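Each remark here refers to the structure printed beneath this line.
Worth saying up front: this structure is predicted, and the values here are computed from it rather than measured. Every chain is numbered from 1, with letters handed out A, B, ... down the list of sequences.
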2 protein chains.
Amino acid sequence: MTTRRFPTQEELRIWRDFIETGEKVRTEMAARLQKDGLSTGDYTVLLALSEAPGQRLRSSELATTVGWERSRLSHHLGRMEKRGLIRREECLTDNRGAEAVLAPAGLELFQQVNRPHLRDIREIFVDALTPAQLQAAGEIMAALREHLARE
Amino acid sequence: MTTRRFPTQEELRIWRDFIETGEKVRTEMAARLQKDGLSTGDYTVLLALSEAPGQRLRSSELATTVGWERSRLSHHLGRMEKRGLIRREECLTDNRGAEAVLAPAGLELFQQVNRPHLRDIREIFVDALTPAQLQAAGEIMAALREHLARE
DNA sequence: CGGGCATAATTGACACGTCAATCAGCTTGG
DNA sequence: CCAAGCTGATTGACGTGTCAATTATGCCCG
């Protein structure tokens, strides 16, 4: 069987659904977090730091942990530092390096926001799907990711 | 049975997978389109206009067609107009109104990019999934969307 | 040792998205 | 008819993301 060159109408519809629904879900979650003064990026960084030993991480480790490009992280840390959520320290073992450290204000805000955020995940995502759909979603995401990685 | 307040570890893992994988897929597609000089937003607008009668649409219709907020569309059309991909015309039946019209350069670029883009959808998305997964993906997106709408 | 390359991180320029404010023109009820 | 309010669209400010260039340091090999 030859590989079809183009997607069918139905495949296209699902692709667009995938993109648009993903956008809507992210937007909704971003709006909810925003009410507590955090962007999704802020939350991601605070979560990673709060789980790190000493609540600090090298910039590059943090970047791979959250799956961001270096420069994106650098810009984001700059904004978070300005707001007092984190601070930066020099790395003792590598003078090129920098460490991001969770600041008290950042920790407090994170703790304040975390439970409501988890509830929102349940409300927006988990409660929308049957257990079978949830599992299928996990498998689909894994398949997409794997496929992307091998290109 | 009482509703659990927080997601389980597994549910949380799937949520994060959903967000991160979606981001990776969109980023990959955006990078491919970018090689031809289009953002995903550009493509969305060009597609909608190219399918519209007279290749023109009122701003507000265009906004609902692509599912964007007005101001987002307005900014985007401004950028596309500057590049000569579209132009704006006044609306005859409503003096407040504006119409976006596909410009020749926009049509040409869209036609040039469309087939490669469709191939990319197949490569990145359709080919990564089994037919069953694809169908499941469609159902999952529908469920999420429906759930969001009824909040 | 030291020149050249790799790596850590930042920066600047620019595209993008959201929010709140604004402006102009339509519409309607007293 | 006209003031009040609604609607279509734009704007400015700001946070965010990407790309390319830059800075500074580490490291390796000749």
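A 4.5 Å side-chain heavy-atom check between A/Phe18 and B/Arg26 finds every atom pair outside the cut-off. Counting heavy atoms from C-beta on, the side chains of B/Glu23 and B/Thr27 come closer than 4.5 Å.
Candidate nucleotides C/dG17, C/dA13, D/dT25 were compared by shortest atom distance to the side chain of A/His75, and C/dA13 ranks first. Nearest nucleotide to the side chain of B/Arg79, out of D/dT10, C/dG17, D/dT16: C/dG17.
Taking the side chain to side chain donor-acceptor pair (under 3.5 Å) definition, one finds that A/Arg16 meets it with nothing, sequence neighbours left out.
Between A/Arg122 and B/Glu11 there is a salt bridge, since at least one side-chain N of the basic residue sits less than 4.0 Å from a carboxylate O of the acidic one. Under the 4.0 Å criterion applied to side-chain N and carboxylate O atoms, A/Glu123 and A/Arg32 are assigned as salt-bridge partners.
In this structure, the CD atom of B/Glu90 is 12 Å from the C1' atom of C/dG25, given to the nearest Å. Straight-line distance from the CD atom of A/Glu28 to the P atom of C/dG17: 18 Å, rounded to whole Å. Atom-to-atom, CD of A/Glu23 to P of C/dT18 comes out at 7 Å; the value is rounded to the nearest Å. In this entry the distance linking CG of B/Leu77 with P of D/dA9 reads 10 Å, nearest Å. Distance, A/Arg72 CZ to C/dA15 P: 19 Å, rounded to whole Å. With rounding to whole Å, B/Arg32 atom CZ is found 18 Å from D/dT18 atom C1'. Atoms CG (A/Leu92) and P (D/dG26) sit 12 Å apart, rounded to a whole Å. With rounding to whole Å, B/Leu73 atom CG is found 16 Å from C/dC19 atom P.
The number of heavy atoms from other shown groups lying within 6.0 Å of CD (A/Gln34) is above 12.
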What donor-acceptor contacts under 3.5 angstrom involve side-chain atoms of residues 38-45 of chain A, with partners at least two apart or in another chain?
unit_1, atom_1, unit_2, atom_2, d
A/Ser39, OG, A/Gly41, N, 3.4
A/Ser39, OG, A/Asp42, N, 3.0
A/Ser39, OG, A/Asp42, OD1, 3.3
A/Ser39, OG, A/Asp42, OD2, 3.1
A/Asp42, OD1, A/His76, NE2, 2.7
A/Asp42, OD1, A/Arg83, NH2, 2.9
A/Asp42, OD2, A/Ser39, N, 2.9
A/Asp42, OD2, A/Arg83, NH2, 2.7
A/Tyr43, OH, A/Asn114, OD1, 2.5
A/Thr44, OG1, A/Thr40, O, 2.8

Compile the donor-acceptor pairs under 3.5 Å between side chains in residues 47-58 of chain A and protein atoms, sequence neighbours left out, one pair per line.
unit_1, atom_1, unit_2, atom_2, d
A/Ser50, OG, A/Leu46, O, 3.3
A/Ser50, OG, A/Leu47, O, 2.9
A/Arg56, NH1, A/Glu89, OE1, 3.0
A/Arg56, NH1, A/Glu99, OE1, 2.8

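In this structure, B/Glu69 reaches the sugar-phosphate backbone alone: every heavy-atom distance under 4.0 Å involves primed, P, OP1 or OP2 atoms, never a base. Heavy atoms of A/Ser71 sit under 4.0 angstrom from at least one base atom.
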- When you look at B/Glu69 and B/Arg72, which way does the salt bridge (Lys or Arg N to Asp or Glu O under 4.0 Å) test go after all the steps? CA-CA 5 Å; B/Glu69 291 186 7; B/Arg72 176 179 176 184; over 6 Å; no

- Apply salt bridge (Lys or Arg N to Asp or Glu O under 4.0 Å) to the pair B/Glu81 and B/Arg88, showing each step before the final yes or no. CA-CA 8 Å; B/Glu81 190 174 28; B/Arg88 276 149 149 154; 3.1 Å; yes

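In the helix from C/dC1-D/dG30 to C/dG30-D/dC1, the end axes, each obtained as the rotation axis mapping the C1' atoms of four pairs onto the next four within a five-pair block, lie 0° apart to the nearest 10 degrees.
When the side-chain nitrogen and oxygen atoms of A/Asn95 are compared with OP1 and OP2 of D/dG26, one or more of them lie within a distance under 4.0 Å. For D/dG17, neither phosphate oxygen OP1 nor OP2 lies less than 4.0 angstrom from any side-chain nitrogen or oxygen of B/Thr27. Contact annotation: B/His76 reaches the phosphate of C/dG17 (side-chain N/O to OP1 or OP2, under 4.0 Å).
Here the shortest heavy-atom pairing between B/Asp17 and A/Met141 reads OD2-CB, 3.8 Å.
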Identify all pairs in which a protein N or O lies below 3.5 Å from an N or O of nucleotides 6-9 of chain C, and state each distance.
unit_1, atom_1, unit_2, atom_2, d
C/dT7, O2, A/Arg96, NH1, 2.9
C/dA8, OP2, A/Arg70, NH2, 2.9
C/dA8, O3', A/Arg58, NH2, 3.2
C/dA9, OP1, A/Arg58, NE, 3.0
C/dA9, OP1, A/Ala98, N, 2.8
C/dA9, OP1, A/Ala98, O, 3.0
C/dA9, OP2, A/Ser60, N, 2.7
C/dA9, OP2, A/Ser60, OG, 2.8

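Remark: nothing in residues 46-54 of chain A comes within less than 4.0 Å of DNA chain C through any heavy atom.
To the nearest 0.5 Å, atom CG of residue A/Leu148 and atom CZ of residue A/Arg150 are 11.0 Å apart.
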